[in-house]
Amino acid sequence: MPSDIRVRIAPSPTGPLHIGTARAALFNYLFARHTGGTFLLRLEDTDVARSTAAYERDILDGLHWLGITWDEGPGVAGLEEAGPYAPYRQMQRLDTYAAAAEELLAKDLAYRCYCTPDELAAERHDREVAKLPAAYSGRCARLSADERAAFEAEGRRGAIRFRVRPGVVGWNDLVRDRVEIDTANLGGDFVIVRADGNPLYHFTVVVDDAAMQISHVIRGEDHISNTPKHILLFEALGHPVPVFGHLPLILNPDGTKMSKRKSQTAVADYIAQGFTREALVNYFAFLGWSPGTEDDVLTLEEVVERFDLEKVQKGGARFDRERLEWLNGQWIRRLDDADLVARLLPFTDAAAVAGQIVRAPSEEELTALLPLVRERLSTLASITDVAGFLWRDLSPDPAALLPKRWDAAMTIDGLTAAREALAAHDPVTWEADELEPPLRALVEARGWRAGDLFMAIRMAVTGQAATPPLFDVLVALGRDRTLARLDDALAALGAAG
RNA sequence: GCCCCCAUCGUCUAGAGGCCUAGGACGCCGCCCUUUCAAGGCGGAGAUCACCGGUUCGAAUCCGGUUGGGGGUACCA
């Protein structure tokens, strides 16, 4: 059954895709998909000074990467402009706002204000000194035609202010029930169109939400105090007021509103660090919402099925990177081989380009390695921590080659014997379960602890104390490189002694 | 300052008057598995449900106040 529910995400291309925007987009998407409604994307690019095409691209690409798709939206990032209410970019809708502003002016619901920024600043300052709440005095609210003409003659264009009517504005918020705010606390008549003719956010958002038949406005809690202004504008425009739902904020670890300064906020950075879309979406969905069951690893589709705005938390949620990493590990373990390899390849390639490894592995090589690395990856990028020794040259550090209980002489003895045993091993059966018995036998014969010998070999052939299982590592390395690295380690130890 | 929102383990949360001596997950600590690291299994510590007062036979759940935290106070979005 088709639904007339229409929701939107309206990002402003003044920065890269922010986690908060992605989360708001996700909740709108979930609500739309769950109810069979329509989800649209509108670009709010009226802040010309700060908006860029590169940010636009980053935002749209990021949302798509996450799997958040819209039914109507602008023609950018390789997309066709789509939907019955085009254009979906505010700078292409200026005449719509101009017409709406004219209408409000004509009905005397708005007026021109000729105050200069300096005058406004002085006014603000005086009120602050007098300990009065910040508000516009309304000095231009009742100018006569002559006074207006005088200002215009001076060359002043005048901004357009909306007349805020006295009274209380209230709404039934989807997540926090009844909210009421006295318009006396709105700061006076507010500007809807700048003196330079550019419309402002509060105005464009309402004009567009009205024009695009938005039924539910789902956005961050930081907009609660803007909502009365928007309701007033909807009423002035003669348009039904949509239903509002204010989501709890994503917080820095210290509990303040998430910011670039205290947290990593760009989705692109999480992508670059090897977080999967599944983990990110899963994590965002569970920040402020929960299915009410004990499930914690869910696909986007499963979340869509269970999503309910009324189960959204009211209080803000701190961003917990450790939990995200755990979820990421969960998802990495769930991906099928081909998928995981395809996602890993860009990271090994990038590491090679960056010089972190000297050679990027092939698809086949990575596929063969999967059983060794999969459960050790917390991010895709950590592949080079887990298996980088395979694609890197080692420079043995004698001190770092010694197992806890072994000194240099002991280690030389152990590695020499191990090298001999491995060199004597049939190259044709260079396989993990073939390599283990001879080394175990050696340990037995010499009365060593298996762990000590294995650690000595591990350090010698990988340069690390933490690696995938040793015999699998020797196989991945191959006979020649294994023996060569043992020789190098022995040489380093000999030089030190 | 003024307005508004919020308040359950360190963190994310379950909980819509009796099922709660408050459940799950992350993290932390043990144990098991084990050649290291992970993963996995098992167990543990961790919340007098911010506080005070009310309503009720009974409150984490309802009401009021206090405190604390957060958000907003632009010719930014």
Side-chain angles (χ1 to χ4, degrees), chain A residues 10-15 44-47 49-51 113 115-117 120-121 124 127-128 130-136 158-161 173 176 179-182 184-187 190-196 198-202 204-205 220-228 246 248-249 251 253 255-257 283 286-297 310-311 313-327 329 333 372-378 386 403 436 439-440 443 449-459 462 464-471 473:
Chain A
S12 182
T14 54
E44 308 222 324
D45 54 353
T46 54
D47 186 348
R50 296 192 298 146
S51 297
C113 167
C115 298
T116 64
L120 259 15
R124 210 171 0 249
R127 291 186 64 94
E128 199 180 316
K131 299 205 168 192
L132 290 166
Y136 174 62
I160 301 177
R161 280 186 190 270
D173 197 281
R176 42 204 91 220
V179 181
E180 294 189 335
I181 295 176
D182 193 317
N185 298 310
L186 261 29
F190 56 92
V191 175
I192 55 175
V193 179
R194 286 191 182 96
D196 68 7
N198 273 125
L200 254 21
Y201 166 74
H202 293 306
T204 59
V205 73
E221 185 188 358
D222 49 345
H223 281 289
I224 289 184
S225 39
N226 292 331
T227 299
H246 291 91
L249 260 22
L251 275 18
T256 54
K257 182 182 178 183
Y283 184 70
F286 276 71
L287 263 191
W289 173 84
S290 118
T293 62
E294 286 180 357
D295 299 306
D296 38 33
V297 182
E310 305 211 341
K311 292 176 89 165
Q313 203 82 12
K314 292 186 184 73
R318 296 171 202 237
F319 191 85
D320 181 357
R321 193 186 166 98
E322 303 218 53
R323 195 182 170 84
L324 206 212
E325 285 186 6
W326 171 79
L327 255 183
R333 271 163 244 148
L372 312 200
V373 301
R374 167 167 240 139
E375 68 218 20
R376 282 169 246 269
L377 296 174
S378 63
V386 174
E436 184 164 357
L439 290 176
R440 293 256 177 214
V443 162
R449 297 195 203 202
D452 291 338
L453 205 228
F454 294 171
M455 183 53 85
I457 300 173
R458 169 177 295 110
M459 294 300 306
T462 69
Q464 310 174 187
T467 71
L470 182 61
F471 303 103
V473 165

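Only a predicted model underlies this, so the values are computations on that prediction, with no experimental measurement involved. Here is the naming used below: chain letters follow the sequence lines, and residue numbers restart at 1 for every chain.
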Within the structure shown, what part of the strands sits under 4.0 Å from A/Pro248 by heavy-atom distance: base, sugar-phosphate, or nothing? nothing
Give a yes/no answer on whether the side chain of A/Arg333 brings an N or O atom under 4.0 Å of OP1 or OP2 in B/rG40. yes
Under 4.0 Å protein heavy-atom contacts per nucleotide of nucleotides 65-77 of chain B, with B for base, S for backbone only and - for none: -----SSS-SBBB
Roughly how many Å apart are B/rA39 and B/rC5, using the C1' atom of each and rounding to a whole number? 43 Å
Can you tell me how far P of B/rC12 sits from NZ of A/Lys311, to the nearest Å? 19 Å
Keeping A/Tyr201 on the side-chain end and A/Thr46 on the backbone end, is there a donor-acceptor pair under 3.5 Å? no
Between A/Leu377 and A/Leu132, which is nearer to the 5' end of RNA chain B once each is assigned its nearest nucleotide? A/Leu132
Check this for me, if you would: do A/Arg124 and A/Glu128 make a salt bridge, where the nitrogen-to-carboxylate-oxygen distance has to be below 4.0 angstrom? no
If pairing requires Watson-Crick or G-U wobble contacts with both distances under 3.5 Å, which nucleotide is the partner of B/rG1? B/rU73
Rounded to whole angstroms, how far apart are CE on A/Met459 and P on B/rC37? 13 Å
Is there a Watson-Crick or G-U wobble partner for B/rA39 with both distances under 3.5 Å, and if so, which one is it? none
Name the nucleic acid region contacted by A/Pro468, choosing base, sugar-phosphate or nothing; use a 4.0 angstrom heavy-atom cut-off, strictly under. base
Between B/rU66 and B/rC20 - C1' atom distance, rounded Å: 27 Å
Between C1' of B/rU35 and CZ of A/Arg458, the distance in whole Å: 5 Å
Without swapping roles, check the side chain of A/Arg458 against the backbone of A/Ala466 for a donor-acceptor pair under 3.5 Å. no
If we take the P atom in both B/rA50 and B/rU11, what is their distance in whole Å? 13 Å
Using purine N1 to pyrimidine N3 plus N6-O4 or O6-N4 for Watson-Crick, or N1-O2 and O6-N3 for G-U wobble, both under 3.5 Å, which nucleotide pairs with B/rU21? none
Suppose we define a pair by two distances each less than 3.5 Å, Watson-Crick or G-U wobble; what does B/rU67 pair with here? B/rA7
Can you tell me the distance, in whole Å, between the CD atom of A/Gln313 and the P atom of B/rA16? 14 Å
For the pair made of NZ in A/Lys131 and P in B/rC2, what is the distance, rounded to whole Å? 9 Å
Protein and nucleotides 27-34 of chain B: nitrogen or oxygen contacts under 3.5 angstrom:
none

So A/Phe454 and A/Phe471, would you call those rings parallel, tilted or perpendicular, with 30° and 60° as cut-offs? perpendicular
Taking B/rG30 as the reference, what is the distance to B/rA45 when you measure between their P atoms (whole Å, please)? 15 Å
Considering only atom C1', compute the distance from B/rU8 to B/rA60 and round it to an integer number of Å. 7 Å
Do A/Phe319 and A/Tyr283 have side chains that approach each other closer than 4.5 Å (heavy atoms only, starting at C-beta)? yes
If we only count heavy atoms from C-beta on, is the A/Val179 to A/Thr227 side-chain gap below 4.5 Å? no
Whole Å only: how far is the CG atom of A/Asp295 from the C1' atom of B/rC12? 15 Å
Whole-Å P distance, B/rG17 and B/rC62: 9 Å
Which heavy atom of A/Leu251 sits nearest to which heavy atom of A/Gly316, and what is that distance? CD2-C, 3.6 Å
In whole angstroms, how far is the P atom of B/rA14 from the CZ atom of A/Phe286? 10 Å
From C-beta outward on A/Glu294, which listed nucleotide comes closest to its side chain: B/rG23, B/rU36, B/rG1? B/rG23
Minimum heavy-atom separation for A/Leu120 and A/Arg161, please, with both atom names. CD2-NH2, 3.7 Å
Can a donor-acceptor pair be found, under 3.5 Å and without considering hydrogens, that links the side chain of A/Asn226 to the backbone of A/His202? no
Under a 3.5 Å cut-off for both contacts, is B/rG27 paired Watson-Crick or G-U wobble with anything, and if yes, with which nucleotide? none
Rounded distance in Å between the C1' positions of B/rU61 and B/rC19: 14 Å
Rounding to an integer number of Å, can you tell me how far A/Leu287 CG sits from B/rA25 P? 18 Å
Which part of the nucleic acid, if any, lies within contact of A/Gly220, taking any heavy atom under 4.0 Å across all strands shown: a base, the sugar-phosphate backbone alone, or nothing? nothing
Give a yes or no on whether the backbone of A/Asp47 and the side-chain of A/Ser51 come within a donor-acceptor separation of less than 3.5 Å. yes
Among the nucleotides B/rA39, B/rC12, B/rU35, whichever has the atom closest to the side chain of A/Ala317 is B/rC12
What about A/Arg176: does its side chain form a donor-acceptor pair under 3.5 Å with the base of B/rC5? no
Rounded distance in Å between the P positions of B/rA16 and B/rC33: 42 Å
For A/Arg323 and A/Asp296, the nearest pair of non-hydrogen atoms, with its separation, is NH2-CB, 4.4 Å
Would you say that A/Lys311 contacts A/Ser290 through its side chain, given a criterion of any heavy-atom pair below 4.5 Å between the two side chains? no
Heavy atoms under 4.0 Å, any strand shown: does A/Phe471 hit a base, just sugar-phosphate, or nothing? base
